[in-house]
Protein chains: 2
Amino acid sequence: MTESESATVDLEIIVQGAQEGKKLELRLWLRMLSTTKLVSQEIRRRLRNEFGATLPQFDLMAQLYRERDGLRLGELSKRTMVTNGNVTGLVERLETDGLVLRVTPDGDRRVTVAKLTEKGMVLFGAMATAHEGWLRDMMADVDPAIVTELWQDIGAVKSSVSNHLSGSDFD
Amino acid sequence: MTESESATVDLEIIVQGAQEGKKLELRLWLRMLSTTKLVSQEIRRRLRNEFGATLPQFDLMAQLYRERDGLRLGELSKRTMVTNGNVTGLVERLETDGLVLRVTPDGDRRVTVAKLTEKGMVLFGAMATAHEGWLRDMMADVDPAIVTELWQDIGAVKSSVSNHLSGSDFD
DNA sequence: GCCAAACCTTTGACATTTCAAATATCGTTC
DNA sequence: GAACGATATTTGAAATGTCAAAGGTTTGGC
């Protein structure tokens, strides 16, 4: 009986105005965070049980799956939002499992390009199909119109956040 | 420095590419995930720079701050969505820093209760104030009405997900 | 009272995560 | 063509994360 009374909250906002509104962003953030954790844990559990893979591995392979020619590790780092050093270890383990291949192009020896192997493509194909189904199942009770609306509005949040980051944007 | 203005990480576009056949739920999930990562990284960076604390430590202390009598480790684990073994280490490090105290009650020697110290309460108070401000700033461009709407709709998502978990409750 | 089941926490093996420092290579400049 | 700054990746230390197994401690049935 903790958070089923959103009507009460709305009333408070209307009545008290800016007072209560100050904590709106905090409450949204906490709810986003807990929901994301919940979904992540469920996906992690299923990836592990059904495919013996981890979520970061899945994310990384997803990037390589759409770029059949492979990606440089730095590019992988940006796309997965994972640090460089982390990508190194992830690719290393995936290579050990025969899912990914590392190549250094002739043109630039600083670069390492990671590519999915045939085995990696087959495995990821199966995981991706399952993954999409899991999400549909988990969100089955949400009105599709709401899903679309959420997608748009969260885009607005992301945009606002991107414009207010502290790191490296004051010239 | 060709990227001084494009430092914005728009994972979405890169990841999604042409978003043809992608299901709605999958797209929402990818956007939620990338947005949450973005905010988390920003909060992590600021906690580190301004308070020398980590995000998991902040989360754990937040729970103890609201329960001045302390919480059992299992309860902390549930509330922070962190595994038991992980809580053990987190509390251990916080105790080393003098922010948290561990007590075993007389009634049940299986139990360990963690409590914020005076030092811990002072530190958390400062962090919480800053934390709330950071979120307000980051979401400053989002219409408050949208924030409220998002809070409600994400609640619906969370509720749906909770009802479709494989792990523990189908009955 | 005893024993088995249930409960709470810790431990151990690994994987992931960040940051900073180190390495290696490339391009340009002089 | 040697040196310097920029670029790309790796490494290392410390923290966080999962899971499964192992420790102690109750608790309940007999």
Side-chain angles (χ1 to χ4, degrees), chain A residues 33 36-38 40-49 51-61 70-97 99 102-114 167-168, chain B residues 1-4 33 36-38 40-49 51-61 70-78 80-97 99 102-114 167:
Chain A
L33 190 58
T36 300
K37 272 190 187 175
L38 195 62
S40 288
Q41 284 172 356
E42 177 70 6
I43 293 177
R44 197 191 318 275
R45 177 170 36 226
R46 298 208 201 190
L47 277 176
R48 177 184 184 79
N49 292 342
F51 297 99
T54 67
L55 187 49
Q57 288 172 351
F58 176 79
D59 284 345
L60 197 153
M61 292 176 74
L71 286 170
R72 288 149 48 140
L73 297 201
E75 190 54 29
L76 264 178
S77 172
K78 272 179 204 139
R79 297 199 190 189
T80 56
M81 294 176 89
V82 151
T83 51
N84 277 339
N86 201 0
V87 168
T88 297
L90 281 168
V91 170
E92 220 166 64
R93 276 168 234 120
L94 287 170
E95 193 176 33
T96 301
D97 294 345
L99 301 169
R102 264 187 297 193
V103 185
T104 297
D106 289 346
D108 192 338
R109 262 203 286 274
R110 293 170 299 180
V111 174
T112 299
V113 171
S168 75
Chain B
M1 303 303 237
T2 54
E3 49 205 359
S4 56
L33 190 57
T36 301
K37 272 190 189 176
L38 196 61
S40 288
Q41 285 172 354
E42 177 69 7
I43 293 178
R44 199 191 314 276
R45 175 171 35 227
R46 297 208 202 191
L47 277 176
R48 177 186 182 79
N49 292 343
F51 297 99
T54 67
L55 186 48
Q57 287 172 351
F58 176 78
D59 284 346
L60 198 154
M61 291 175 75
L71 287 170
R72 291 151 43 143
L73 297 200
E75 189 56 29
L76 264 178
S77 172
K78 271 179 207 136
T80 55
M81 295 175 89
V82 152
T83 51
N84 277 338
N86 202 359
V87 167
T88 297
L90 280 168
V91 170
E92 220 165 65
R93 275 167 235 122
L94 287 170
E95 192 175 36
T96 300
D97 293 344
L99 301 170
R102 264 187 297 193
V103 184
T104 297
D106 290 346
D108 191 339
R109 262 202 281 274
R110 293 170 300 181
V111 173
T112 299
V113 171

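Naming: A, B, ... by sequence-line order, numbering from 1 per chain. Note that the coordinates shown come from a computational prediction; the quantities given were computed from them, not determined experimentally.
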Practice task
Could you pull out the closest heavy-atom pair between A:Thr83 and A:Ser77, with the gap in Å?
Solution key: C-OG, 3.6 Å

Practice task
Would you please confirm or rule out a distance under 4.0 Å between OP1 or OP2 of C:dT17 and any side-chain N or O of A:Asn86?
Solution key: yes

Practice task
Would you classify B:Val87 as touching base, sugar-phosphate or nothing, given that sugar-phosphate means primed atoms plus P, OP1 and OP2, and contacts are heavy atoms under 4.0 Å?
Solution key: nothing

Practice task
Establish, with yes or no, whether the OP1 or OP2 oxygen of C:dC19 is under 4.0 angstrom from a side-chain nitrogen or oxygen of A:Thr83.
Solution key: no

Exercise for the section: Starting from P on C:dT16, measure out to CG on A:Leu60 and report it in whole angstrom. Expected result: 10 Å

Completion exercise
Which of C:dT18, C:dT11, D:dT11 is nearest the side chain of B:Glu92? It is C:dT11

Completion exercise
To the nearest angstrom, the CZ-P distance between B:Arg48 and C:dT17 comes to 17 Å

Exercise for the section: Would you kindly give the CG-to-C1' distance between B:Leu38 and C:dT18, to the nearest whole Å? Expected result: 16 Å

Handout entry: Main-chain N/O of A:Ala114 paired with A:Glu95 side-chain donor or acceptor, under 3.5 Å
Key = no

Handout entry: Nucleotide C:dC19, atom P - distance to CZ of B:Arg46 in whole Å
Key = 14 Å

Practice task
Report yes or no: do B:Asp59 and B:Thr80 form a side-chain donor-acceptor pair below 3.5 Å?
Solution key: no

Handout entry: D:dA15 phosphate, OP1 or OP2, under 4.0 Å from B:Gln57 side-chain N/O
Key = no

Exercise for the section: May I ask you to verify if any side-chain N or O of A:Arg102 is less than 4.0 angstrom from the OP1 or OP2 atom of D:dT10? Expected result: yes

Problem - 5′-ward residue of the pair A:Gly107/A:Leu55 relative to DNA chain C - result: A:Leu55

Exercise for the section: Would you indicate what A:Asn84 reaches in the nucleic acid, counting non-hydrogen atoms under 4.0 angstrom: base, sugar-phosphate, or nothing? Expected result: base

Handout entry: Nearest-0.5 Å distance, CD of residue A:Gln57 to OG1 of residue A:Thr54
Key = 3.0 Å

Practice task
Can you measure from CG (B:Leu73) to OG1 (B:Thr88) and round to the nearest 0.5 angstrom?
Solution key: 6.0 Å

Completion exercise
note: A:Leu94, atom CG; C:dT16, atom C1'; distance rounded to Å ~ 12 Å

Practice task
Report the distance from atom NZ of B:Lys78 to atom P of C:dC7, rounded to the nearest whole Å.
Solution key: 10 Å

Exercise for the section: Find which nucleotide of DNA chain C each of A:Pro56 and A:Asp108 is nearest to by heavy atoms, and output the residue with the more 5' nucleotide. Expected result: A:Pro56

Handout entry: Nearest-0.5 Å distance that lies between atom CG in B:Asn84 and atom NZ in B:Lys78
Key = 8.5 Å

Exercise for the section: Could you check whether A:Arg93 gets within reach of a base, just the sugar-phosphate, or nothing at all, counting any heavy atom under 4.0 Å? Expected result: base

Practice task
Assign A:Thr112 to base, sugar-phosphate, or nothing according to its heavy-atom contacts below 4.0 angstrom with the strands shown.
Solution key: sugar-phosphate

Practice task
Look at all strands and tell whether B:Leu90 reaches a base, only sugar-phosphate, or nothing, counting heavy atoms closer than 4.0 Å.
Solution key: sugar-phosphate

Handout entry: OP1 or OP2 of C:dC8 under 4.0 Å from side-chain N/O of B:Arg72
Key = yes

Exercise for the section: Calculate the interatomic distance between A:Gln41 atom CD and D:dC19 atom C1'; express it in whole Å. Expected result: 13 Å

Problem - B:Leu73 side chain, from C-beta outward: closest of C:dT9, C:dA15, D:dA15 - result: C:dT9

Fill in the blank from the handout: From CD of B:Glu42 across to P of C:dT17 the rounded distance in Å is 19 Å

Practice task
Measure the spacing between OG1 of B:Thr112 and CG of B:Leu71 and express it to the nearest 0.5 Å.
Solution key: 12.5 Å

Practice task
Examine C:dC8: is either OP1 or OP2 under 4.0 Å from a nitrogen or oxygen in the side chain of B:Arg109? Give yes or no.
Solution key: no

Exercise for the section: Mark yes or no for a side-chain to base donor-acceptor pair under 3.5 Å between A:Arg110 and D:dT7, with no hydrogen or angle criteria applied. Expected result: yes

Exercise for the section: May I ask you to say what A:Gly85 touches in the nucleic acid, namely base, sugar-phosphate or nothing, with a heavy-atom cut-off under 4.0 Å? Expected result: base

Handout entry: Sugar-phosphate only, base, or nothing, as touched by B:Thr88 at under 4.0 Å among non-hydrogen atoms
Key = base

Problem - Residue closer to the 5' end of DNA chain D, A:Asn49 versus A:Gly74 (nearest nucleotide) - result: A:Gly74

